[in-house]
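Report on one structure; see the data block that follows.
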Amino acid sequence: QVQLVESGGGLVQPGGSLRVSCSVSGLPLDNYAIGWFREAPGKEREGVSCIAPLDGTTYYSDSVRGRFTISRDNAKNTVFLEMNSLQPEDTAVYHCATDRRIYSAHYLCTWKTPEYLGPGTQVTISS
């Protein structure tokens with residue numbers, strides 16, 4: 001059974017930083033693309049950052065490029081998203097996602113319905 005469990009969300013002031021983690025079980029992390037999606041009230045689900053297996057090619061959406069960094073620890077089957085210079089518009093539930101049909105970071109992040117989506121962790125940016 002595949003499980004994705006996110007952690008590390010919280011309340012941060014504008015300009016602050018936060019790192020969220022996703023622990024994966026039931027699926028080898030280095031076999032498929034994996035990444036982070038976010039959902040905010042009234043907005044469409046957005047794939048913000050994804051990473052490909054093997055060569056680790058990354059994808060970032062325009063809204064987070066230069067501020068967010070995705071990484072993974074294959075030995076611990078965990079994916080991380082380091083978020084810097086956070087702004088109120090980054091407020092959302094952040095979900096970890098993967099799909100056994102997808103190996104491309106770009107394709108996973110632009111695919112709106114990944115096969116597996118974790119329950120998410122709330123990130124709130126507010127002063």
Side-chain angles (χ1 to χ4, degrees):
Q1 182 180 359
V2 177
Q3 280 193 316
L4 308 174
V5 179
E6 303 89 343
S7 61
L11 174 63
V12 178
Q13 291 189 340
S17 298
L18 196 65
R19 187 176 82 157
V20 291
S21 304
C22 171
S23 177
V24 181
S25 60
L27 198 70
L29 192 60
D30 55 355
N31 277 17
Y32 310 102
I34 190 164
W36 291 91
F37 288 69
R38 66 185 181 186
E39 293 181 316
K43 294 185 179 179
E44 191 175 77
R45 179 186 294 169
E46 179 187 15
V48 296
S49 183
C50 294
I51 186 167
L54 302 179
D55 66 358
T57 302
T58 56
Y59 166 90
Y60 296 95
S61 67
D62 290 342
S63 59
V64 308
R65 189 176 296 115
R67 301 187 298 123
F68 289 14
T69 303
I70 189 171
S71 62
R72 65 174 186 226
D73 184 334
N74 289 344
K76 296 182 178 180
N77 242 34
T78 302
V79 181
F80 306 96
L81 185 68
E82 183 77 34
M83 303 181 288
N84 298 311
S85 302
L86 286 162
Q87 299 302 320
E89 53 266 33
D90 294 315
T91 295
V93 177
Y94 284 72
H95 302 270
C96 182
T98 189
D99 194 310
R100 291 175 297 175
R101 301 162 295 183
I102 299 174
Y103 303 91
S104 160
H106 180 275
Y107 194 71
L108 177 63
C109 263
T110 54
W111 181 248
K112 299 301 182 183
T113 55
E115 182 180 10
Y116 298 105
L117 191 73
T121 185
Q122 177 70 47
V123 172
T124 302
I125 314 304
S126 175
S127 55

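None of these values were measured; they are calculated from a predicted model.
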### Task
Test Tyr103 against Tyr32 for side chain to side chain contact (heavy atoms under 4.5 Å, CB included), laying out the working first.
CA-CA 5 Å; Tyr103 303 91; Tyr32 310 102; 3.8 Å; yes
#### Entry: Ile34 side, atom CD1; Ser49 side, atom OG - distance, nearest 0.5 Å
11.0 Å
### hydrophobic_cluster_shared for Trp36 and Tyr59, side chain cutoff 4.5 Å
no
### Task
Keeping the roles fixed (side chain from Glu6, backbone from Cys96), state whether a donor-acceptor pair exists under 3.5 Å.
yes
### Message
Would the distance check show the side chain of Ser21 and the main-chain N or O of Phe80 forming a donor-acceptor pair, the cut-off being under 3.5 Å?
### Response
no
### Query
Does one hydrophobic cluster hold both Met83 and Val79, with members joined at side-chain heavy-atom distances below 4.5 Å?
yes
### Message
For a 4.5 angstrom cut-off between non-hydrogen side-chain atoms, does Leu4 reach Leu117?
### Response
no
#### Entry: Euclidean distance, Glu39 CD relative to His95 NE2, rounded to 0.5 Å
4.0 Å
### Message
Count I, L, V, M, F, W, Y as connected when their side-chain heavy atoms are under 4.5 Å apart, and connections chain through other members. Are Val64 and Ile51 then in the same cluster?
### Response
yes
### Task
Look at the side-chain heavy atoms of Ile, Leu, Val, Met, Phe, Trp and Tyr, link any pair under 4.5 Å apart, and say whether Ile70 and Leu86 land in one connected group.
yes
### Query
How many angstroms lie between atom CG of Leu29 and atom CG of Asn77, to the nearest 0.5 angstrom?
5.0 Å
### Message
Using side chain to side chain contact (heavy atoms under 4.5 Å, CB included), reason through Val123 and Asp90 one step at a time and then give a plain yes or no.
### Response
CA-CA 8 Å; Val123 172; Asp90 294 315; 5.7 Å; no
### Task
Please confirm whether the backbone N or O of Ile125 pairs with a side-chain atom of Thr91, one donor and one acceptor, at under 3.5 Å?
yes
### Query
Taking all atoms of both residues into account, what is the closest heavy-atom pair of Glu89 and Lys43, and its distance?
O-NZ, 4.1 Å
### Task
Report yes if the side chains of Pro114 and Arg45 come closer than 4.5 Å at any heavy-atom pair, otherwise no.
yes
### Message
Looking at every non-hydrogen atom in both residues, tell me the closest pair between Ile102 and Ser104 and how far apart they are.
### Response
CG2-O, 3.4 Å
#### Entry: Atom of Ser85, atom of Ser17 and distance for their closest heavy-atom approach
N-OG, 4.4 Å
### Query
What pairs with Ser63 under side-chain hydrogen bond (donor to acceptor under 3.5 Å, both in side chains), at least two apart in sequence or on another chain?
Arg38, Glu46, Ser61
#### Entry: In one Ile/Leu/Val/Met/Phe/Trp/Tyr side-chain cluster, 4.5 Å: Val5, Leu81
no
### Task
Rounded to the nearest 0.5 Å, what's the gap from OG1 on Thr98 to CG on Asn31? Could you check?
9.5 Å
### Message
Cation-pi check for Tyr60 against Arg65: NZ or CZ below 6.0 Å from the six-membered ring centre and within 45 degrees of the axis, yes or no?
### Response
no
### Query
Under the 3.5 angstrom rule, does the side chain of Asp30 hit a backbone N or O of Pro53 as a donor-acceptor pair?
no
### Task
Apply side chain to side chain contact (heavy atoms under 4.5 Å, CB included) to the pair Val24 and Tyr116, showing each step before the final yes or no.
CA-CA 11 Å; Val24 181; Tyr116 298 105; over 6 Å; no
### Task
Mind listing the closest non-hydrogen atom pair of Leu54 and Arg72 along with its distance?
N-NH2, 3.5 Å
### Query
So, for Pro14 and Ser127, which heavy atoms are closest and what is the spacing to 0.1 Å?
CD-N, 3.7 Å
